[in-house]
Amino acid sequence: MATDFDVEFIEDTEREARFLVRGITPAFANGIRRAILADVPTLSIDTVRFVENSSVLFDEVLALRMGLVPLTTPEGEFDEDDTVTLAIDVEGPATAYSGDLVSPDPQVEPADENIPLIELKDGQRLEAEAEAKLGRGRDHAKFQGGVAVGYRHLQHVEVGDDASEYGEDEAQIVRGVIEDGDELVATSEFGHDLTNRYPGKEVTVEDVPNAFVFHVESDGSMPVDELVLRAVDTLSTRADELREKVSL
Amino acid sequence: MVPVRCFTCGTVIGEHWEEFKARAANKEGDEDPAEVLDDLGLDRHCCRRMFVSHQDLVDVVSPYQ
């Protein structure tokens, strides 16, 4: 059963995207959402060897902070057991930033450079080797490539007659994306209030069946569109795996 | 130290902390904290509370090593 999905981007930046998918079931939409959160492999620091840590935080706390820093993850370059060893060496008085993590591989770098890891006072020093490995969001939140992933039904707006003159003057709040004829409009463009867009009109709002508007943000390990594609790939890999296992 | 990510949604927020601290009125600056947070692109209330409620303790702890 091969059906084509109709995908349309409403908003698309490096780290944040909003797109409409038509022709998918609610179950499949949720499958994609969960795959984005839990199934896309990303690199994160997992093991840290401390050479010196005289800062105010304990080794394990610092290791967790380093782990949460998103690292850029090139597609197809790494296998499950590969590691990348990053080094950090900062002497106080100074603040150790995520940008101070030195990587041997220019494809694997901290996605954000300005995350303070620890503030070092006079005489304090941090020197460590950190091993990054490939992992999935279901094992630890630091491997999550997508953050705040959600979807809503596309809303269809039908403009009717003029509103009665003495009717209630109430705001009509909608959130998400509406479909007005062929035009897709994000509700933030008119303050989420339909009475701003259609003053003095009766409007009816209905969910469009099997049309979902996804809102995805990436933590920086990869661009959003790549993240979604990889998530869909993991879904089909797992479906293939299942088919192989159950067929005798 | 400020948390690297938002506890609830996982957005990386640490990188904005120093700018927030320098600009917002309840820390060191004189701007409205709400406007600074809008400016930084933190628009969910889970991420905003991370900054509004954060207190750095490094300076308090550092003399006792």
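Residue numbers begin at 1 in each chain, while the letters A, B, ... track the order of the sequences. These values consider heavy atoms only, across backbone and side chains, with no hydrogens, waters or symmetry-generated copies.
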Inset, instruction - Check the pair B:M1 / A:V61 against side-chain contact (heavy atoms from CB on, under 4.5 Å), numbers first and verdict last. - result: CA-CA 11 Å; B:M1 296 302 299; A:V61 182; over 6 Å; no

Pairwise side-chain contact, [X] with [Y], heavy-atom cut-off 4.5 Å (strictly under):
{"X": "A:M66", "Y": "B:V4", "answer": "no"}
{"X": "B:E19", "Y": "A:N114", "answer": "no"}
{"X": "B:D59", "Y": "A:E119", "answer": "yes"}
{"X": "B:T11", "Y": "A:D219", "answer": "no"}

Legend entry - Non-hydrogen atoms of B:R5 and A:Q144 that approach each other most closely: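 Heavy atoms only, the tightest pair is NH1-O, 4.1 Å.
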
Legend entry - Heavy-atom pair of closest approach, residues B:V2 and A:P116: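 B:V2 and A:P116 have their closest heavy atoms at CG1-CG, 4.3 Å.
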
Legend entry - Spacing of OG belonging to B:S62 relative to CG belonging to A:L120, to within rounding of 0.5 Å: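 Answer rounded to 0.5 Å: 11.0 Å.
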
Legend entry - Spacing of B:I13 atom CD1 and A:L68 atom CG [to the nearest 0.5 Å]: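 Output value for this atom pair is 10.5 Å.
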
Legend entry - Interface moiety of A:L117 toward chain B, non-hydrogen atoms closer than 4.5 Å: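 Interface part for A:L117: backbone (N, CA, C, O).
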
Legend entry - Atom group of A:A141 that falls short of 4.5 Å from chain B, counting heavy atoms: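 Just its backbone gets close to chain B.
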
Inset, instruction - Inspect the surroundings of CZ in A:R175 and state if more than 12 heavy atoms from other residues, nucleotides or ligands are less than 6.0 Å away. - result: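 No, CZ of A:R175 has 12 or fewer neighbouring heavy atoms, counting only those of other groups under 6.0 Å.
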
Legend entry - Whether over 12 other heavy atoms sit under 6.0 Å from A:R34 CZ: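 Atom CZ in A:R34 is not packed in, count stays at 12 or less.
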
Inset, instruction - Tell me, with the steps shown, if B:R44 and A:E217 meet side-chain contact (heavy atoms from CB on, under 4.5 Å). - result: CA-CA 12 Å; B:R44 279 184 293 275; A:E217 277 175 46; 2.9 Å; yes

